[in-house]
Enquirer: 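Quick one: the structure is below, questions incoming.
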Amino acid sequence: MSNYNLVFDEVILKQLKKLERDIRTKQIISKILDKIEELGPDAGNLIDSRLKIYEVKRKHPPIRLYYKIIEEKKEAYIFEYEMKTSHKKQQNIINKIKGKVNESKT
């Protein structure tokens, strides 16, 4: 079984750079990325079937990471993660990601 190649959005790259001092969160994000690389779409929950956008959730600490699967290329495009705060903030991030995906299609 072949793994998925991870492709990082500029937002997640900035977030990962900021994590240099937060070892615990960095390790959790690293485990999530390993899981996405290995399992692709099966690593998370589908939140938009048309755009193939997925979300991985952790409860302790409350982290959500968003990614898109491009099956033809066996790629997982990693958008960003968030520390869970409010449903409204979560929905804003999802809408922003959907906008990015729609932009890249044109």
Side-chain angles (χ1 to χ4, degrees):
M1 188 173 115
S2 64
N3 287 353
Y4 288 79
N5 291 320
L6 301 181
V7 179
F8 296 94
D9 185 79
E10 67 274 358
V11 174
I12 189 77
L13 290 174
K14 288 177 188 171
Q15 288 179 318
L16 293 173
K17 192 164 183 70
K18 288 181 184 176
L19 276 182
E20 292 300 318
R21 292 176 294 274
D22 186 350
I23 304 299
R24 182 168 177 254
T25 304
K26 187 176 180 180
Q27 288 173 335
I28 292 167
I29 297 292
S30 180
K31 285 180 185 176
I32 292 171
L33 294 174
D34 289 346
K35 189 174 173 186
I36 292 170
E37 189 174 30
E38 184 182 330
L39 302 174
D42 296 331
N45 297 319
L46 184 65
I47 59 173
D48 188 307
S49 58
R50 188 175 57 83
L51 299 175
K52 294 185 177 71
I53 298 173
Y54 294 81
E55 170 188 65
V56 176
K57 288 190 232 181
R58 290 285 180 269
K59 291 192 181 187
H60 301 290
I63 294 175
R64 294 172 187 267
L65 186 139
Y66 302 95
Y67 66 102
K68 174 181 174 52
I69 292 295
I70 305 165
E71 216 38 83
E72 305 80 47
K73 297 180 183 179
K74 289 295 250 189
E75 286 182 348
Y77 191 89
I78 312 299
F79 290 105
E80 63 184 279
Y81 79 90
E82 68 168 328
M83 300 301 278
K84 178 76 171 99
T85 52
S86 70
H87 181 73
K88 185 177 179 184
K89 181 180 176 193
Q90 176 190 1
Q91 196 55 53
N92 287 343
I93 289 174
I94 292 169
N95 291 340
K96 182 174 80 172
I97 290 168
K98 286 180 181 181
K100 269 189 190 180
V101 171
N102 283 326
E103 269 179 32
S104 68
K105 286 186 172 187
T106 56

Enquirer: To the nearest 0.5 Å, what is the distance between NZ on Lys52 and CD1 on Ile47?
Expert: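 Rounded to the nearest 0.5 Å, the NZ-CD1 separation comes out at 14.0 Å.
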Enquirer: Output all residues satisfying side-chain contact (heavy atoms from CB on, under 4.5 Å) with Glu75, sequence neighbours left out; order by chain, then residue number.
Expert: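 Applying side-chain contact (heavy atoms from CB on, under 4.5 Å) to Glu75 gives Asn5, Val7, Ile70, Lys73.
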Enquirer: Report all side-chain donor-acceptor pairs from residues 13-20 shorter than 3.5 Å, counting only partners two or more places apart or in another chain.
Expert:
residue	atom	partner	partner atom	Å
Gln15	OE1	Tyr81	N	3.0
Gln15	NE2	Tyr81	O	2.7
Glu20	OE1	Lys26	NZ	3.4

Enquirer: Can you give me the closest heavy-atom contact between Glu10 and Lys100, atom names plus distance?
Expert: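 In terms of heavy atoms, the two residues are closest at OE2-NZ, 3.8 Å.
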Enquirer: With Tyr66, which residues qualify under ring pair (Phe, Tyr, Trp, His ring centres under 6.0 Å), at least two apart?
Expert: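 Once residues adjacent in sequence are excluded, Tyr66 has no partner under the ring pair (Phe, Tyr, Trp, His ring centres under 6.0 Å) criterion.
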Enquirer: With rounding to the nearest 0.5 angstrom, report the OG to NZ distance, Ser30 to Lys35.
Expert: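 Rounded to the nearest 0.5 Å, the OG-NZ separation comes out at 13.5 Å.
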Enquirer: Let me confirm one number: the CD1-CG distance from Ile97 to Asn92, rounded to the nearest 0.5 Å.
Expert: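 Separation between the atoms: 11.0 Å.
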Enquirer: Tell me, do Pro62 and Lys57 make a side-chain contact under 4.5 Å, heavy atoms counted?
Expert: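 No, side chains not in contact.
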Enquirer: What are the two closest heavy atoms between Gly44 and Val56, and how far apart are they?
Expert: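 Smallest interatomic distance, heavy atoms only, reads CA-CG2, 3.9 Å.
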Enquirer: To the nearest 0.5 Å, what is the distance between CG (Asp42) and CD1 (Ile36)?
Expert: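 Rounded to the nearest 0.5 Å, the CG-CD1 separation comes to 12.0 Å.
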Enquirer: Hey, does Ile63 have a side-chain heavy atom less than 4.5 Å from the side chain of Glu82?
Expert: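 No, side chains not in contact.
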Enquirer: Quick one: closest heavy-atom pair of Arg50 and Asn102, and the distance?
Expert: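 Looking at all heavy atoms of both residues, the closest pair is NH1-OD1, 4.0 Å.
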Enquirer: How close do Glu38 and Asn3 get, counting heavy atoms only, and between which atoms?
Expert: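 What the structure gives for the nearest pair is CA-OD1, 3.9 Å.
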Enquirer: Tell me whether Tyr54 contacts the main-chain N or O of Leu65 through its side chain, where contact means a donor paired with an acceptor under 3.5 Å.
Expert: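 No, Tyr54 side chain to Leu65 backbone: no donor-acceptor pair under 3.5 Å.
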Enquirer: Indicate, with yes or no, if Ile94 and Val11 share a hydrophobic cluster defined by side-chain heavy-atom contacts under 4.5 Å among Ile, Leu, Val, Met, Phe, Trp and Tyr.
Expert: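 No, no single cluster joins them.
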Enquirer: If you take all heavy atoms of Pro61 and Arg24, which pair is closest and at what distance?
Expert: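 Reported closest heavy-atom pair: CD-NH2, 3.6 Å.
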Enquirer: Using 0.5 Å steps for rounding, measure from the CD1 atom of Ile78 to the CD1 atom of Ile32.
Expert: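 Separation between the atoms: 10.0 Å.
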Enquirer: Give the C-alpha distance, both sets of side-chain angles, the deciding distance and a yes or no for side chain to side chain contact (heavy atoms under 4.5 Å, CB included) between Arg58 and Lys31.
Expert: CA-CA 11 Å; Arg58 290 285 180 269; Lys31 285 180 185 176; 5.6 Å; no
Enquirer: Less than 4.0 angstrom from a charged side-chain N to a carboxylate O is my criterion; do Lys96 and Glu80 meet it?
Expert: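 Answer for the salt bridge query: yes.
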Enquirer: If you draw the axis of the six-membered ring of Tyr4, does the NZ or CZ of Lys74 fall within 45° of it and under 6.0 Å from the ring centre?
Expert: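 Here Lys74 passes the 6.0 Å and 45° test against Tyr4.
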Enquirer: Where do Phe79 and Tyr67 come nearest, in terms of heavy atoms and distance?
Expert: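 Of all heavy-atom pairs spanning Phe79 and Tyr67, the closest is CD1-CA, 3.8 Å.
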